[in-house]
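The structure presented is a predicted model; accordingly, all values stated were derived computationally and were not measured. Starting from 1, each residue takes its place in the sequence as its number. Computed from heavy atoms alone, side chains included, the values below leave out hydrogens, waters and symmetry copies.
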Amino acid sequence: MKFEQQLSQKQRQVQQLALTQQLQQSLKVLQFSGEELFEFINQQTLENPLIELNSQYYTGLARKNTLGNTSTAVETNFGQIADTHHSFFEYLLAQVHLNYRDTPLRKLVIILISYLDNDGFLRTSLHDISDALQKSYIELLDALTLIQQLDPAGVGARNLQECLMLQTERDNYAPSIAYIILESYFDQLVERKWLEISKQLEVTLEDVQKVFDYIQTLSPAPGGFFQKDEGLYIIPDLKVDIVGNEIVLKSTRSIQPPLKLNEEYFDQFKETTDLDVKKFLKEKKQNYEWLKKTIDQRGNTILRVGECIVRHQKAFFLEETHPLRPLTLKEIADELAIHESTVSRSVNHKYLETSFGIFELKHFFVAKLASESGEAISTQQAKEHLVQFIRNEDKRKPLSDQKIVELMKSVGINLSRRTVAKYREELGILGSSKRKRFD
């Protein structure tokens, strides 16, 4: 048998996409939200002395908005804002110093406050704290009792049940049987075994329902108020104005971080004969020009995508009900001859301002559903039908998901029971057994 080894060389041409570092950075910039873009540019100004950030940008950053609410731009002098914010723990300590005398018990109260979590709960066992501090359990219980008398009501609770009981105890408007139900029938209330509670206490189902409704008004996290963001800073990339019956879309370039070249610094060194300095200036000037071009491209891409969205979703801006038609990323990508991932980067964490609120651009993309007539409808329209069916249901006999499937079919929308359940959960609507009411 003859073995032969053959060696040969062949040239092959393979086309591959190699992303340069600058291209990767450009894609990253496109993906940035308004705030992230500002932070990125601010970092660039620290690394490149030729880059200046226009101070007027802070006026744009002072735009304090919440999604879905109308916004107002305000000019703010940040140097004159007093720091009036107090932490949850500072708030509790201030009450302790004001209300309790300087005694060993007060010292124990202050120590115990340090064990509270951000929600105001004492999650650590008093027995464990007793061992760690070498203090008696009774002393710690006395200290905890004093903490539970502080504001906000419910602070110092060891679990949700105790938290709700502490709030109810201090509320003169609480239903008369609320505290008893929370203390003795908490599990039955949560599991909606209301008939069992009504028989035990010899009250009506309507009375139990009132207690349940009242508990919904209480806070499950007393310290949560201090953790809330005082407002989400949103820097809209686009703005829509309605002129007559026409939609006018414009880029909010005035609140984008405008870059300036530090001419004074550049002029100071451009005549130098030092080769290293010349090289440094050249690199930093190129970096400035690239960054400015990249930010402009980002703005132009978002504007083009926004124009497409507005064309497809014209009814949303002109009609009172703000309906959304089916729209996918691929449709916009095909129309603009760009990649679908580019559209995705252009709409995530990018916002459009209207007279009736601020919306993330990805809000305008809605999946398609096929109706019996063959006409495409949006998932939003299906959800609107679902909400309407539930709004009109008999609250004593709420609609099951299967019944909603049948009602959907009656209006020409074919959905599975699982899809109905999914939409219901996305809308924050409870299941039928938990929607049942007795009043």
- Message: Tell me if a side-chain donor or acceptor on Arg106 pairs with a main-chain N or O of Tyr100 at a distance below 3.5 Å.
- Response: yes
- Item | Side-chain donor or acceptor of Arg417 paired with backbone N/O of Asp401 under 3.5 Å | no
- What pair of heavy atoms forms the shortest contact from Arg424 to Leu386, and how long is it? N-CD1, 4.2 Å
- Message: Within the 4.5 Å heavy-atom criterion, are Ile309 and Val347 side-chain neighbours or not?
- Response: yes
- Task: Look at the rings of Trp194 and Phe212 and say which category their plane angle falls in: under 30° parallel, 30 to 60° tilted, over 60° perpendicular.
- Result: tilted
- Message: Do Ile110 and His97 make a side-chain contact, defined as non-hydrogen atoms from C-beta onward lying under 4.5 Å apart?
- Response: yes
- For Ile332 and His312 the tightest heavy-atom approach is CD1-CD2, 3.9 Å
- Kindly write out the residues that satisfy salt bridge (charged side-chain N to carboxylate O under 4.0 Å, His left out) with Lys362, not counting sequence neighbours, or none if the list is empty. none
- Do side-chain atoms of Ser130 reach the backbone of Leu126 as a donor and acceptor pair under 3.5 angstrom? no
- Side-chain touch Leu336/Val343, heavy atoms, less than 4.5 angstrom: no
- Other residues, nucleotides, ligands: >12 heavy atoms within 6.0 Å of Lys135 NZ: no
- Heavy-atom side-chain contact between Leu415 and Ile404 under 4.5 Å: no
- Item | Donor-acceptor pair, side chain of Asn159 and main chain of Gln161, under 3.5 angstrom | yes
- Message: Which residues pass the ring pair (Phe, Tyr, Trp, His ring centres under 6.0 Å) test with His339, not counting sequence neighbours?
- Response: none
- Roughly how far, to the nearest 0.5 Å, is the CD atom of Gln388 from the CD atom of Glu384? 9.5 Å
- Message: Can you confirm whether Arg123 is buried at CZ, in the sense that more than 12 heavy atoms of other residues, nucleotides or ligands lie under 6.0 Å from that atom?
- Response: yes
- Item | Worked verdict on Ile147 versus Leu92 for side chain to side chain contact (heavy atoms under 4.5 Å, CB included) | CA-CA 8 Å; Ile147 290 174; Leu92 294 177; 5.6 Å; no
- Item | Sub-6.0 Å ring centroid separation between Phe359 and Phe317 | no
- Query: Any donor and acceptor pair, going by atom type alone, linking the side chain of Arg435 with main-chain N or O of Pro398 inside 3.5 Å?
  - Reply: no
- Task: Could you tell me whether the side chain of Ile242 reaches within less than 4.5 Å of the side chain of Ser355, counting heavy atoms only?
- Result: no
- Query: Going by atom types alone, do Thr294 and Trp290 pair a side-chain donor with an acceptor below 3.5 Å?
  - Reply: yes
- Between Gln313 (side chain) and Phe364 (backbone), is there a donor-acceptor pair under 3.5 Å? yes
- Query: Short question: side chain of Glu162, backbone of Ala157 - any donor-acceptor pair under 3.5 Å?
  - Reply: no
- Query: So, for Ser251 and Leu238, which heavy atoms are closest and what is the spacing to 0.1 Å?
  - Reply: CA-CD2, 4.0 Å
- Query: Tyr423 and Ile429: side chain to side chain contact (heavy atoms under 4.5 Å, CB included), yes or no, with the steps?
  - Reply: CA-CA 9 Å; Tyr423 288 172; Ile429 298 173; over 6 Å; no
- Query: Heavy-atom count around His349 NE2 within 6.0 Å, excluding the residue itself: above 12?
  - Reply: no
- Non-hydrogen atoms of Cys163 and Ser219 that approach each other most closely: SG-O, 3.6 Å
- Item | Carboxylate-amine/guanidinium proximity below 4.0 Å for Glu425 and Lys422 | no
- Would a 4.5 Å heavy-atom cut-off, applied to side chains only, mark Val240 and Phe316 as touching? no
- Hey, what do you get for CG (Asn300) to NZ (Lys293), rounding to the nearest 0.5 Å? 11.5 Å
- Task: Check the pair Thr204, Asp207 against side-chain hydrogen bond (donor to acceptor under 3.5 Å, both in side chains), reporting the backbone distance first and the verdict last.
- Result: CA-CA 5 Å; Thr204 65; Asp207 290 332; 3.1 Å; yes
- Could you tell me how the ring of Phe356 sits relative to the ring of His322: parallel (under 30°), tilted (30 to 60°) or perpendicular (over 60°)? parallel
Side-chain donor/acceptor pairs under 3.5 Å, residues 183-190, sequence neighbours excluded:
residue	atom	partner	partner atom	Å
Gln188	NE2	Glu196	OE2	3.4

- Message: Counting only heavy atoms from other residues, nucleotides and ligands, does the tally under 6.0 Å from CD of Glu47 exceed 12?
- Response: yes
- Message: Could you work out, with ring pair (Phe, Tyr, Trp, His ring centres under 6.0 Å) as the rule, every residue matching His385, not counting sequence neighbours?
- Response: none
- Item | Short side-chain to backbone donor-acceptor contact, Glu246 and Val243, under 3.5 Å | no
- Would you say the side chains of Thr168 and Asp171 form a donor-acceptor pair under 3.5 Å? no
- Query: Would you call Glu393 and Arg391 a salt bridge, taking side-chain N to carboxylate O under 4.0 Å as the test?
  - Reply: no
- Query: Is there side-chain contact between Gln31 and Leu27, with at least one heavy-atom pair below 4.5 Å?
  - Reply: no
- Note on the structure: Closest heavy-atom pair, Thr301 versus Ser346, reported as atoms and distance to 0.1 Å, is CG2-OG, 3.4 Å
- Query: How many angstroms lie between atom CG of Leu144 and atom OH of Tyr137, to the nearest 0.5 angstrom?
  - Reply: 8.5 Å
- Which value, rounded to the nearest 0.5 Å, describes the distance between Ser125 atom OG and Asp131 atom CG? 8.0 Å
- Gap between atom CG of Leu112 and atom CD1 of Ile129 - 0.5 Å precision: 5.0 Å
- Item | OH-CG distance between Tyr288 and Asn48, expressed to the nearest 0.5 angstrom | 10.0 Å
- Query: Going by an N to O cut-off under 4.0 Å, is there a salt bridge joining Glu36 and Lys350?
  - Reply: no
- Item | Atom of Gly120, atom of Phe88 and distance for their closest heavy-atom approach | CA-CE2, 3.5 Å
- Message: If the condition is salt bridge (charged side-chain N to carboxylate O under 4.0 Å, His left out), which residues does Asp151 pass it with, not counting sequence neighbours?
- Response: Arg170
- Of all residues at least two apart in sequence or in a different chain, which pass the ring pair (Phe, Tyr, Trp, His ring centres under 6.0 Å) check with Tyr115? none
- Message: Whether the side chain of Arg298 engages the backbone of Leu37 through a donor-acceptor N/O pair (distance < 3.5 Å, no angle test) should be reported.
- Response: no
- Query: Is any side-chain heavy atom of Asn287 less than 4.5 Å from a side-chain heavy atom of Ile51?
  - Reply: yes
- Item | Audit row: Val405, Gln402, side chain to side chain contact (heavy atoms under 4.5 Å, CB included) steps and yes/no | CA-CA 5 Å; Val405 168; Gln402 184 56 45; 4.1 Å; yes
- Message: If you apply the rule side chain to side chain contact (heavy atoms under 4.5 Å, CB included), what do you find for Leu352 with Leu249, and how did you get there?
- Response: CA-CA 9 Å; Leu352 181 147; Leu249 178 72; 4.0 Å; yes
